[in-house]
Amino acid sequence: MSNITIIAERINMTRKKMRERIWERDIDFVVNEVKKQEHMGATHIDINAGGDPSKEVEDMIWLTELVSKATELPISFDSANPDALKAGLEICNRPGTIINSITGEKSRIENTLPLVIEYNTHAIALTMDDNGMPPDLDARIRVVDNLVVLMKENNISLDRIHMDTLVQPVSSNPEQVAYTIAGIKYIHENYPEMHTMVGLSNVSYGVPRRIHMNRAFFVLLIQAGLDGAIIDNTADGMLGAMLATLAMLGKDEYCMDYISAARTEKI
Ligand code: THG
């Protein structure tokens with residue numbers, strides 16, 4: 001469909017209901033979630049098995065086997081635990097597979113970056129390092145530049161990297177939205193082969209009726225050139241907002257994608 005990477009976020013064991021069903025080994029529930037997300041335009045299925053650190057590897061194995069049978073889509077392995085990432089990658093490493101995530105932190109450079117190389121995957125790079133999350137735009141841009149140097153040193157081409165500029169809640173500081181937009185523009189201007197990626201829902205943390213914030217933010221970011229997002233793409237109006245925005249930006253010739261999504265009752 002569109003040229004926007006849509007990483008569907010629902011298979012995430014930090015969510016209570018998901019965690020409970022997965023620990024019950026409820027196959028139908030998980031398969032249904034995968035199918036629903038795929039039907040609604042997902043390009044990747046994110047798997048986060050971080051419900052209980054002591055069970056993460058076994059849960060990652062169970063989920064990866066199940067998800068990879070339920071869909072042909074590549075998986076986004078969402079973990080800071082290299083053992084869990086490796087366990088998943090050994091089961092399913094299709095073209096387009098993503099390691100979510102690497103950072104500029106020493107420990108991740110030592111433990112996770114080698115997996116990106118060994119398994120020849122894509123990776124989401126979070127703009128943080130051992131000093132934490134940079135507070136403002138300039139500091140974030142410095143972290144982006146450092147991560148790009150790190151990729152070049154390791155011969156990882158930038159078209160495998162999805163730079164995640166880490167969204168902060170609008171309720172704590174509306175300037176964060178401007179930083180995210182400026183960050184996306186900076187990346188596309190300076191590193192045109194690199195992708196941009198945002199975990200959208202952090203923006204609405206702490207406010208009611210979060211979907212409105214998430215959807216509006218998505219539209220603003222698409223306008224800024226964002227080419228990937230981690231979202232609940234099944235959430236009310238999310239896919240419709242994306243397709244309408246792309247059509248109005250002239251990125252959907254004759255509104256073909258929009259019309260086809262309507263005909264198939266996705267929107
Ligand atoms: N960037 C990258 N990866 C990420 C994130 C990111 N992975 C995790 C997260 N952020 C994106 N995924 C989710 C998955 C589920 C929910 C939010 C983000 C979610 N949260 C509800 C809440 O916060 O209220 C529900 C909690 C519950 O059900 O218990 O559903 O930014 N690279």
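Counting convention: from 1, in listed order, for ligands and their atoms alike.
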[X] side-chain N/O to [Y] backbone N/O, donor-acceptor pair under 3.5 Å:
X: Lys86; Y: Leu115; value: no
X: Arg160; Y: Val116; value: yes
X: Arg215; Y: Asp236; value: yes
X: Asp227; Y: His195; value: no
X: Arg15; Y: Arg10; value: yes
X: Thr43; Y: Ile6; value: yes
X: Arg25; Y: Ile22; value: yes

For [atom], decide whether some protein heavy-atom distance is shorter than 4.0 Å.
atom: atom 2 (C) of ligand 1; answer: yes
atom: atom 23 (O) of ligand 1; answer: yes
atom: atom 10 (N) of ligand 1; answer: no

For [atom], what is the nearest protein heavy atom, given as residue, atom name and distance?
atom: atom 12 (N) of ligand 1; answer: Glu9 OE1, 3.3 Å
atom: atom 21 (C) of ligand 1; answer: Arg210 NH1, 4.6 Å
atom: atom 32 (N) of ligand 1; answer: Asn100 OD1, 2.8 Å
atom: atom 15 (C) of ligand 1; answer: Arg15 CD, 3.5 Å
atom: atom 31 (O) of ligand 1; answer: Gly199 CA, 3.4 Å

So if I count the atoms of ligand 1 from 1 in the order they appear, which ones are less than 4.0 Å from some heavy atom of [X]?
X: Asn12; value: 8 (C), 12 (N), 13 (C), 14 (C)
X: Ile230; value: 1 (N), 2 (C), 3 (N), 4 (C), 11 (C), 32 (N)
X: Leu126; value: 32 (N)
X: Asn202; value: 31 (O)
X: Lys16; value: 27 (C), 28 (O), 29 (O)

Checklist entry - Any nitrogen or oxygen of Ser201, main chain or side chain, under 3.5 Å from a nitrogen or oxygen of ligand 1? => result no
Next on the checklist: Counting only nitrogen or oxygen atoms and a 3.5 angstrom limit, does Asp78 reach ligand 1?
Outcome noted: yes
Item to check | Side-chain heavy atoms of Asn233 within contact of Met242, under 4.5 Å | outcome: no
Next on the checklist: Can you confirm whether Pro134 sits close enough to Arg142 that some side-chain heavy atom of one is under 4.5 Å from a side-chain heavy atom of the other?
Outcome noted: no
Is there a heavy atom of [X] sitting under 4.0 angstrom from any atom of ligand 1?
X: Ser101; value: no
X: Asn48; value: no
X: Asp46; value: no

Next on the checklist: Would you say Gln168 and Tyr179 are linked by a side-chain donor-acceptor pair, where the criterion is simply a distance under 3.5 Å?
Outcome noted: no
Next on the checklist: Tell me whether the count of non-hydrogen atoms from other residues, nucleotides or ligands lying under 6.0 Å of CZ in Phe29 goes above 12.
Outcome noted: yes
